[in-house]
Amino acid sequence: MSGRGPDSGTDHNRNSIGSGGSPGSGSGAGGGSDADDCIFVQTAPLSSPVPAVVSGLKVGDVLEVDLQNTPSGNRLVVSTAGGQAAGSLTHPGHLKIIQCIGTGHIYKATVVQKTGALIALRIEPK
């Protein structure tokens with residue numbers, strides 16, 4: 001007899017662009033686990049694309065998301081399976097990914113759109 005709100009709130013957060021599921025919007029049962037906060041899907045543009053690498057990418061290609069420590073701070077690098085850096089992630093949700101990788105989570109980035117050197121990626125747990 002629960003006629004209102006049939007699961008419409010939490011599932012939509014998983015597909016929102018760049019949000020990564022807002023902190024504190026848990027879905028109830030079992031809540032409170034940091035691991036749950038790291039299970040999300042984001043769509044983001046590839047930043048600083050490397051022309052020689054992105055020219056060979058196509059929609060559906062799966063790339064690795066790695067954390068690179070630099071003197072100026074942490075950076076998310078997106079690479080091919082062969083280890084070639086394709087670019088980086090600097091969208092509004094990238095800090096959450098950095099935090100989650102720091103706790104042991106692994107992410108992949110799937111090419112969902114390609115227009116020249118402009119690449120849109122779907123980032124999700126591996």
Side-chain angles (χ1 to χ4, degrees):
M1 308 273 177
S2 58
R4 290 187 190 243
D7 297 347
S8 61
T10 58
D11 289 341
H12 293 304
N13 285 338
R14 294 184 144 207
N15 294 320
S16 58
I17 294 176
S19 80
S22 56
S25 64
S27 60
S33 170
D34 286 344
D36 292 342
D37 289 344
C38 292
I39 306 298
F40 54 79
V41 175
Q42 297 179 352
T43 302
L46 180 68
S47 298
S48 304
V50 177
V53 177
V54 298
S55 66
L57 295 178
K58 61 187 181 307
V59 172
D61 284 350
V62 178
L63 307 170
E64 305 288 327
V65 177
D66 296 304
L67 183 61
Q68 183 181 66
N69 295 312
T70 68
S72 60
N74 292 325
R75 180 179 159 201
L76 288 175
V77 177
V78 179
S79 305
T80 65
Q84 293 181 302
S88 61
L89 295 173
T90 58
H91 66 290
H94 86 283
L95 294 176
K96 182 66 175 173
I97 298 171
I98 289 173
Q99 177 187 11
C100 291
I101 287 175
T103 62
H105 291 82
I106 300 171
Y107 294 90
K108 65 180 179 178
T110 304
V111 177
V112 293
Q113 184 178 10
K114 180 179 179 189
T115 307
L118 299 175
I119 307 286
L121 302 169
R122 176 183 166 105
I123 300 120
E124 60 191 321
K126 196 169 182 185

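Because the structure is a prediction, the values reported are computed rather than measured.
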Inset, instruction - Work out which heavy atom in H91 is nearest to a heavy atom in P45; give both atom names and the distance. - result: CB-CD, 4.3 Å
Inset, instruction - Any ring-ring contact (aromatic ring centres under 6.0 Å, His included) involving residues 45-81? Give me the pairs, sequence neighbours left out, ordered by first then second residue. - result: none
Legend entry - Any side-chain heavy-atom pair of I123 and H94 under 4.5 Å: no
Inset, instruction - Taking all non-hydrogen atoms of both residues into account, name the closest pair between T70 and G73 and its distance. - result: OG1-O, 2.5 Å
Inset, instruction - Output the distance between atom CD (E124) and atom CD (Q42), rounded to the nearest 0.5 Å. - result: 11.0 Å
Legend entry - Fellow cluster residues of V50, listed by chain then number, with links counted only when side-chain atoms sit under 4.5 Å apart: V53
Side-chain polar contacts of residues 108-120 - donor-acceptor pairs under 3.5 angstrom, sequence neighbours left out - could you list them?
residue, atom, partner, partner atom, Å
K114, NZ, V54, O, 2.8
K114, NZ, S55, O, 3.3
K114, NZ, L57, O, 2.8

Legend entry - Where at least one partner belongs to residues 46-70, residue pairs that pass salt bridge (Lys or Arg N to Asp or Glu O under 4.0 Å), sequence neighbours excluded: K58-D61, E64-K126
Inset, instruction - For T90, enumerate each residue passing the side chain to side chain contact (heavy atoms under 4.5 Å, CB included) test, keeping only those at least two apart in sequence or located in another chain. - result: S47, S88
Inset, instruction - Determine whether L121 and L89 make a side-chain contact, defined as any pair of heavy atoms from C-beta on separated by less than 4.5 Å. - result: yes
Legend entry - Interatomic distance, L46 atom CG to L63 atom CG [nearest 0.5 angstrom]: 8.0 Å
Inset, instruction - Kindly state each residue pair satisfying salt bridge (Lys or Arg N to Asp or Glu O under 4.0 Å) with at least one member in residues 69-79, sequence neighbours excluded. - result: none
Legend entry - Short side-chain to backbone donor-acceptor contact, H105 and C100, under 3.5 Å: yes
Legend entry - side-chain hydrogen bond (donor to acceptor under 3.5 Å, both in side chains) contacts in which one or both residues fall within residues 76-86, not counting sequence neighbours: none
Legend entry - From CA spacing to verdict: side-chain contact (heavy atoms from CB on, under 4.5 Å), L67, L76: CA-CA 5 Å; L67 183 61; L76 288 175; 4.2 Å; yes
Inset, instruction - Output every pair passing ring-ring contact (aromatic ring centres under 6.0 Å, His included) with a member in residues 106-126, not counting sequence neighbours, ordered by first then second residue. - result: F40-Y107
Legend entry - Same apolar cluster (I L V M F W Y, side chains within < 4.5 Å links), I97/V77: no
Inset, instruction - Side-chain contact test, heavy atoms from C-beta onward, threshold under 4.5 Å: evaluate it for Q99 versus L95 and give yes or no. - result: no
